[in-house]
Every structure is written in structure tokens, then in C-alpha cells.
K.L.:
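One structure coming up, written as C-alpha cells, with questions to follow.
Proteins come first, then strands; the chains are lettered A, B, ... in the order of their sequence lines, and each starts at number 1.
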Amino acid sequence: MPEKFLKPYDSTVTEARIYAEWEKSGLFNPDECVKQGVTKADVPTYSIVLPPPNVTGRLHMGHSLMLAIEDVFVRYKRMRGFRTLWIPGTDHAAIATQSVVEKQIKKHEGKNRHDLGREELLKRIEKFAAESHDTIVSQLKTMGASLDWSREAFTLDAERSRAVNTVFKKMYDAGLIYRGHRIVNWDPKGQTTISDDEVVYEERAAKLYTFRYSKDFPIPVATTRPETKVGDVAVAVHPDDTRYKKFVGKEYDAVFCDVPIHIKIIADKEVDPSFGTGAVGVTPAHSQTDWDISDRHGLSHEVIIINEYARMTVDGRLKDKKTTEARDMVVEWLKSEDLLEKDENVTQNIATAERTGGIIEPLPKLQWFIDVNKKFDERGKTLKELMLEPVRSGAIKIIPEHFDKTYFHWIENLRDWCISRQIWYGHRIPVWYSGDEIIVGEAPTGVDWIQDEDSLDTWFSSGLWTFSTLGWPHFAETAMRGKPGSENDFANFHPTDLLETGYDIFFFWVARMILMTEFTLSTIPFRNVYLHGLVRDAQGRKMSKSLGNNLDPLDITAKFGADAARMALVVGNTPGTDMRISEDKVRGYKHFANKLWNIARFVLSQKHAGEIKENLKTEFDALSMDITNDIEEFRIYMAAEKLYHYLWHRFADEIIEESKGRTEYSATLYYILENSLKLLHPFMPFVTEEIWRSLPTKDSEFLMVAKWPAQHAVE
RNA sequence: GGGCACUUAGCUCAGUUGGUAGAGCAUCUCGUUUACACCGAGAGGGUCGCAGGUUCGAGUCCUGCAGUGCCCACCA
């Protein structure tokens with residue numbers, strides 16, 4: 001028995017060494033596995049593309065959870081003999097990264113992006129992104145993730161940019177990408193538009209004011225934003241509202257807080273007669289609903305009264321005032337003119353920007369959109385329909401299943417996707433203008449062409465991730481299935497087998513991947529979607545900087561080992577459900593790693609001889625099959641728990657105890673140990689690999705490519 | 001307003017197709033028997049939210065109710 005077993009298991013000296021040996025072996029690369037003869041060349045493939053972490057800093061426990069789950073499937077499939085590929089990568093995360101760097105620069109140098117200029121800011125961001133990238137990569141390795149580093153990708157590198165431009169052009173040519181002037185979600189803080197999905201609503205206390213535009217105006221109107229009323233062009237009432245019927249069609253002039261306005265009274269069935277006074281002041285340029293109403297009645301959208309900095313643009317006392325100040329001033333004015341009828345306290349859902357927290361100002365702007373309702377190619381389907389079909393048919397399976405209902409519901413409510421952003425970091429929109437001419441896709445030659453200033457929503461490139469990482473479009477035509485080499489990845493590994501991510505980015509990302517892949521390739525991006533929940537603290541609170549309740553994955557792995565962290569994250573953690581984690585929980589699995597260590601110590605102290613006991617072998621093989629089925633059916637939370645329970649309370653507490661002083665057990669003990677290490681390897685790769693080293697006989701040098709002990713029931 | 005889920009032992013949660021309730025942690029008692037005190041042996045503890053229904057039989061299926069959480073829409 002090796003001397004190392006005389007001391008308790010020490011993850012700190014073992015894990016880094018083992019990972020380095022795995023990396024050196026090249027076995028994370030499926031081509032290398034074939035070359036070394038541990039995987040057959042003609043077997044089915046299994047592939048996962050890592051959800052790329054944002055290059056905004058360091059990883060959190062949610063990332064650790066993602067890695068633990070994905071590595072379980074990847075290691076399991078590799079041991080089962082599949083040509084298994086797990087591709088690493090990072091995400092430039094346009095808005096998120098730029099705003100982090102801008103904040104830093106503001107703090108340390110007091111400068112904003114315009115002080116630096118596009119080129120200099122990009123340089124700074126790239127430097128920051130590179131540093132984040134290195135931190136992230138080392139964290140991924142610390143967790144034991146068996147990623148093929150030779151294929152690492154970045155959403156903003158040359159290959160991925162080529163994919164982005166190619167898809168953009170294809171969508172433009174199909175008439176799905178268009179430029180339109182309409183109300184968008186403008187974030188005055190981030191100085192950019194954002195998509196509907198990036199808007200989060202916060203409940204806040206507000207006041208609902210009831211007022212009249214002037215003394216002789218016949219209808220009182222209720223609003224929570226009095227300052228926007230200088231931009232009103234109409235008052236809408238319900239067509240059947242008997243109180244107001246007689247005024248419909250009449251027009252009035254007034255001077256509202258120094259601003260001359262012209263109001264037409266119109267009837268529209270969208271107005272709820274029971275809310276407020278049953279009359280809506282219509283501000284076409286600063287509200288989506290009002291824009292739509294004014295469209296239906298042929299009213300102008302031209303009256304713009306708020307700018308990109310959320311300041312008033314009208315003449316008079318409100319000029320250049322922030323909207324919040326202007327609100328108070330308008331209320332004061334209404335009071336002094338005796339036009340305010342009442343104010344009530346109400347709670348209001350206020351739209352804010354997910355990244356910056358800025359309050360969204362709806363503004364009319366010329367932006368790029370993806371049309372989700374237009375029938376486009378020979379299939380005669382809309383993007384919405386293309387998104388629905390694979391989930392409805394079962395071609396894509398979502399785990400847990402009930403999320404498909406949420407998915408359908410989300411698609412029903414989906415509107416055109418605004419994809420242009422007024423930030424500098426990211427994929428610049430591949431459109432060039434010269435006079436009235438426009439070129440899309442690739443940069444034209446000649447000096448007269450000016451590229452669009454905007455960049456693309458970061459989710460545009462993330463949406464291509466399953467195939468942009470596999471050599472599309474460069475090798476898509478020539479890739480050959482069954483042939484090794486990354487130039488054949490697209491044929492070998494797409495569609496991918498599993499997409500594993502948090503349910504919180506289900507819409508942002510998973511839905512967009514289905515959209516992009518169905519459009520571009522007429523196929524699915526992945527066969528299965530496994531959604532994990534949020535990692536919360538011991539009290540069930542979200543982990544956050546402000547609460548100071550973050551667990552740092554690096555601290556946790558340093559203290560208890562990556563194996564322990566992985567088990568703590570996986571055991572009993574059902575998909576789609578939030579989980580709680582605490583140091584105590586992780587400590588429990590550190591103890592388990594040590595228990596396993598001591599099991600090995602005991603078994604290895606026995607002479608390997610004699611026959612394997614049939615009843616114990618039968619019992620173990622049944623467990624082995626059970627674990628295998630659990631993993632196949634995505635119940636890794638159960639598989640992990642069963643292994644824990646068997647090894648500790650059956651193997652150690654009963655079988656080993658029984659065997660003491662009885663030499664005829666030793667072959668059985670070796671049999672169980674060897675195969676338990678295999679079953680446990682996907683969950684606790686380090687300690688199992690380290691014990692494997694010391695087995696007297698084994699079927700493979702590395703446990704990570706040893707033969708899985710049970711075949712799946714369906715085979 | 002629309003949708004989705006959850007409610008099982010003190011706490012955190014499992015319970016795959018219906019067959020007389022499980023785990024981890026915590027608690028209590030005992031044990032220092034050389035693989036392991038990062039240990040072992042044992043114990044207590046649940047009318048499975050409430051009310052109906054289907055069934056020979058329901059935590060598991062159906063209906064209703066209550067509470068909790070999340071997502072989407074956003075009403076001026």
C-alpha cells in the first residue's frame with residue numbers, strides 16, 4: 001500500500017497535479033482519444049458547448065454548478081466510449097463588459113467614453129477582457145472541467161465574427177432583418193437601446209395625478225408622468241363611453257406649462273373606461289401604447305419632448321430639465337393654475353435596464369430589428385413558428401419538462417427583436433452606407449463607404465454558439481462525418497447533445513439559439529436542454545455583493561476541494577429548482593472524499609486473491625445499472641446520492657466490516673472498489689483518479705478513459 | 001391581467017410508471033473494537049397544505065380551496 005494513504009486525503013496537493021496530468025495526456029480532445037486507442041474511431045459522438053462565461057471578472061457558484069453538471073455528463077459519456085467533445089469559450093458580453101470598464105475609468109480617471117474615444121476605449125476593454133479571460137480559464141480548470149482547450153472559442157474572435165456577419169447577411173437577404181423607426185427601450189444611463197428581454201420591472205410607489213390641460217378642456221385626464229403631457233397630441237376615450245361621446249372629434253388648443261399644445265379627442269377601444277377618468281392623454285413619441293394609438297388615428301409621431309439624456313427638449317421653464325425635476329415643476333404649475341383635480345398614491349411597475357439599473361425612457365429611434373412574424377423562405381414559416389416546432393415535436397427535450405409551457409407562453413408574447421446597440425464593444429453592424437446605397441455582410445472596398453456606428457446585441461452572437469464554435473461557416477461545406485480533426489467538427493458534433501444552463505437565461509439564450517439555428521441551418525442546435533436553478537445561500541437568499549453572502553468558488557475549492565464542491569452542488573439538486581449551499585454542506589462531502597480514501601486504504605491493505613462473491617457482485621451490478629440509467633435519464637442528483645449512500649453505509653459500514661479478518665472477501669472488495677471509482681469518477685474526478693493510480697490491476701492508465709462498468713439498459 | 005411551479009421529519013430536500021413514507025444535516029443515547037473521530041452502533045421525530053373524487057389501494061391521478069415563489073404583459 002502506497003504511503004500516501006497513511007495520511008488523510010489532501011485535495012490541495014492532489015487536484016492541481018491531477019488536472020495538469022490530464023491536460024498533458026491530451027485526453028480531453030476526442031481526436032487524441034482515438035489516436036491513443038482509448039476511443040474507437042467509428043463510434044457515435046457526444047458534444048456539449050460550454051455556456052461561455054462573460055469576461056466581466058470572475059466566476060461565481062452558479063458557474064461552478066454548471067461545470068459540475070456538464071462535466072458529469074461529459075466524463076460519463078467519455079467513459080462509455082463516445083467520441084466526446086466539450087468546447088470551452090468565453091463571451092464578450094458587450095454591454096456588461098463595457099459598462100464595467102467604463103465605471104472603472106470613471107472612478108479612477110474621471111473620464112467618460114467620449115473623452116477617450118472609440119479606439120482607446122476598445123483597447124482598454126480588450127485588455128480587461130483578456131485579464132478576465134485568464135482568471136476564468138484557471139477557475140474552470142480548478143473545478144476539474146474536462147474541456148478540450150485546443151478548441152477554445154471567444155464570441156468576438158475572428159471565426160465567430162465571420163459567423164455573425166454571415167448570418168446577419170442571410171437574415172437581411174431573407175427580409176427578416178430590417179431597419180425601422182419606432183419606439184425602443186432607451187437606457188439613458190447606458191446610453192443605448194436594449195431589447196424587451198433586458199428590461200426588468202420594479203415595483204415602486206408613485207402618484208397618479210388627475211388634471212385638465214386648461215380651464216376650458218372638457219375631460220380630466222389621469223397620468224403618472226405629468227411632464228410628458230407637454231408632448232400630448234390627443235386624448236383617447238372608449239368609443240362607448242357615454243360621458244365623453246359628445247366630445248369625440250373636437251380639437252383644443254392650450255398652453256401647457258409654457259408649451260403650446262394641440263389636443264384632438266379620439267375614440268379607441270383599447271382605452272379602459274374604468275381606469276382613472278377613462279381618458280388617456282396620448283404622447284405618441286414617448287409611449288409604445290400611445291404610438292400604436294396614434295398610428296390607428298393617423299396622428300403625428302413627431303412631437304418629441306425628451307432626449308437621450310432623459311432631459312426635456314421643449315422651450316420655456318422646462319427646457320433642459322431632467323424628467324424627474326420637470327415632473328415636480330409641472331405639478332406645481334398645475335396647482336398654481338388650479339388644474340390639478342387630485343393625486344393618489346399608487347404602486348407602479350417601472351421599467352429599468354437590467355445591466356445599468358437606469359430607468360427606461362421609451363424613445364422613437366431608427367434601429368435594426370429581427371422580424372419574428374414574417375413568413376420568409378420556401379418553408380413559408382415565421383421565426384416564431386420555427387422556434388415552436390422542435391420543442392413541440394420533441395426534437396428538443398427540455399428538462400424539467402414543464403418549462404416547455406413557459407417557452408410557448410413566451411413565444412406567444414414575443415415581438416420583433418431590437419438588435420442594434422449604441423455601444424462600442426461588440427460586433428459592429430456589418431452594414432456600410434454610401435449615399436443611398438447600402439452593402440450588407442462584408443466590408444466593401446473604396447473610401448466612400450461608412451460603416452454603421454452601432455454594434456449588435458451580444459445575444460446575436462451567443463445565439464450562434466453551438467455551430468460557430470464548430471467551424472461554421474468556414475468548414476461547414478467540407479466537414480466530413482467520421483473524420484477526425486477540428487475541421488470536421490461541424491459534421492461530427494452538430495447538433496450538440498446537451499445544452500446545460502440556468503433557467504434565468506432560458507429566454508435570452510436558449511430561445512435565441514433555437515431561432516438562430518433553425519433559421520441558419522434548418523436544424524436544431526441541441527437535442528436536450530438541462531436547466532439548473534439558482535445557487536442560493538444557506539438562508540435561501542440570492543447571493544449578492546451587497547448582502548456579502550457570496551461564496552467564492554476558489555475559496556470553497558481551496559478549503560474543501562473541487563470534488564467536495566461538485567458533490568455538494570450535484571447531490572439532491574433537481575433541475576429547474578433553486579438550491580441552497582453552505583460551507584457545512586461542502587464540508588460533508590470533503591469528509592466523504594476522505595471516507596473513500598480510507599476505504600481504498602483498507603482495501604489496498606488486503607491481498608488481492610480468491611473469488612468474487614456472487615451475491616455481492618449481483619448487488620453491486622444492479623446498483624451500477626441503476627446509476628447508469630439515472631445518468632442517462634438526467635437524474636444525476638439521484639445517481640450521486642445513491643453512490644454516496646452505497647459507498648458509505650453499505651460498502652464501508654457493512655461489507656467491509658463483515659470482511660474484517662475474513663480473507664475470502666478480498667477479491668470482492670477489490671471488485672467493488674475498482675468499479676465504484678468508475679461510477680463515482682464523473683462526480684468526484686480528482687480523488688477517484690488519485691486512488692485509481694494505486695490499484696494493482698486496472699484496465700486503463702487514466703480512470704477518466706477507463707471502461708464504464710455497466711451498459712445502459714436500452715443497449 | 002396571463003402563465004408556470006411549489007406546499008412531505010426541527011432545517012434543506014428526494015420520492016422516475018399509484019402498492020402500507022426516505023436521505024443529508026440537526027437532536028438524543030452508547031462506543032475510542034487499528035481503514036477512517038473528516039469514525040462507528042442505535043434512537044426519537046411526519047394525519048405527505050386543506051376539502052372532495054377516481055381506485056382493491058394515492059405523497060403519487062382528477063377537481064376545488066388556501067398559502068408561497070417565479071416568469072411574462074404592463075393601465076394611462
K.L.:
Side-chain N or O of A:Lys642 less than 4.0 angstrom from OP1 or OP2 on B:rA14?
P.N.:
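A:Lys642 to B:rA14 OP1/OP2: no side-chain N or O under 4.0 Å.
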K.L.:
I want to check one thing: is the phosphate of B:rG15, taken as OP1 and OP2, less than 4.0 Å away from some side-chain N or O of A:Tyr637?
P.N.:
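Result: yes.
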K.L.:
So what does A:Ala593 touch, heavy atoms closer than 4.0 Å: a base, only the sugar-phosphate, or nothing?
P.N.:
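No contact at all - A:Ala593 keeps every heavy atom at 4.0 Å or more from the nucleic acid.
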K.L.:
May I ask you to evaluate whether A:Lys660 reaches the phosphate of B:rA35, defined as a side-chain N or O under 4.0 Å from OP1 or OP2?
P.N.:
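For A:Lys660, the contact criterion (side-chain N or O under 4.0 Å from OP1 or OP2 of B:rA35) is met.
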K.L.:
Taking only the side-chain heavy atoms of A:Asp630 (C-beta and beyond), determine which of B:rU16, B:rC72, B:rA41 contains the nearest atom.
P.N.:
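Of the options given, the side chain of A:Asp630 lies nearest B:rU16.
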K.L.:
What nucleotide, of B:rC72, B:rC38, B:rA5, holds the atom closest to the side chain of A:His409?
P.N.:
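Comparing B:rC72, B:rC38, B:rA5 against the side chain of A:His409, the answer is B:rC72.
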K.L.:
Report the secondary structure of RNA chain B in dot-bracket form, marking unpaired bases with a dot and bases paired to a different strand with |, and treating Watson-Crick or G-U pairs with both distances under 3.5 Å as paired.
P.N.:
(((((((..((((.....[..)))).(((((.......))))).....(((((..]....))))))))))))....
K.L.:
Could you work out the separation of B:rC38 and B:rC62 based on their P atoms and round it to a whole Å?
P.N.:
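Per the computed distance, 49 Å lies between those P atoms.
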K.L.:
Ring centres of A:Trp333 and A:Phe256 under 6.0 Å apart?
P.N.:
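Ring centroids of A:Trp333 and A:Phe256 are less than 6.0 Å from each other.
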K.L.:
Give the intermediate values and the outcome of ring pair (Phe, Tyr, Trp, His ring centres under 6.0 Å) for residues A:Phe592 and A:Tyr644.
P.N.:
CA-CA 8 Å; A:Phe592 178 57; A:Tyr644 175 93; 4.7 Å; yes
K.L.:
In whole Å, what separates the P atom of B:rG40 from that of B:rC25?
P.N.:
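It works out to 10 Å between them.
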K.L.:
Would you say A:Thr406 places a side-chain N or O within less than 4.0 Å of OP1 or OP2 belonging to B:rC71?
P.N.:
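No, A:Thr406 has no side-chain N/O under 4.0 Å of OP1/OP2 on B:rC71.
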K.L.:
Could you tell me whether A:Arg415 contacts a base, only the sugar-phosphate backbone, or nothing, with contacts defined as non-hydrogen atoms closer than 4.0 Å?
P.N.:
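The residue A:Arg415 makes sugar-phosphate contact but no base contact.
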K.L.:
Check whether A:Lys642 reaches the backbone of A:Tyr637 with its side chain - one donor and one acceptor, N or O, closer than 3.5 Å.
P.N.:
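Pair absent, no side-chain N/O of A:Lys642 close to backbone of A:Tyr637.
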K.L.:
Indicate whether OP1 or OP2 belonging to B:rG24 is found under 4.0 Å from a side-chain N or O atom of A:His649.
P.N.:
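The answer is yes; a side-chain N or O of A:His649 sits under 4.0 Å from OP1 or OP2.
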K.L.:
Answer yes when A:Arg212 and A:Glu341 have at least one side-chain N-carboxylate O distance shorter than 4.0 Å, and no when they do not.
P.N.:
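Salt bridge: yes.
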K.L.:
At less than 4.0 Å, is any side-chain N or O atom of A:Arg635 found next to OP1 or OP2 of B:rU16? Yes or no.
P.N.:
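Looking at the OP1 and OP2 atoms of B:rU16, neither is under 4.0 Å from any side-chain N or O of A:Arg635.
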K.L.:
Please determine if a side-chain N or O atom of A:Lys595 lies less than 4.0 Å away from the OP1 or OP2 oxygen of B:rG40.
P.N.:
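Yes, such a contact exists.
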K.L.:
Starting the side chain at C-beta, find the nucleotide from B:rU12, B:rA73, B:rA35 nearest to A:Asn413.
P.N.:
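Shortest atom-to-atom distance from the side chain points to B:rA73.
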K.L.:
Give me the distance, rounded to whole Å, that separates B:rG59 from B:rU16 when you measure between the P atoms they each carry.
P.N.:
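To the nearest whole Å, 13 Å.
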K.L.:
Of all the choices, B:rC38, B:rU16, B:rA73, which nucleotide is nearest to the side chain of A:Lys590 once you look at every atom?
P.N.:
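Minimum distance to the A:Lys590 side chain belongs to B:rC38.
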K.L.:
Does a side-chain N or O of A:Trp648 approach OP1 or OP2 of B:rG40 to a distance below 4.0 Å, or not?
P.N.:
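Answer is yes, contact under 4.0 Å.
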K.L.:
Are A:Arg182 and A:Asp416 within salt-bridge range, i.e. N to O under 4.0 Å?
P.N.:
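Salt bridge present between A:Arg182 and A:Asp416.
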K.L.:
Side chain of A:Phe507, heavy atoms from C-beta onward: which of B:rC36, B:rC72, B:rA73 has the nearest atom to it?
P.N.:
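Closest nucleotide to the A:Phe507 side chain: B:rC72.
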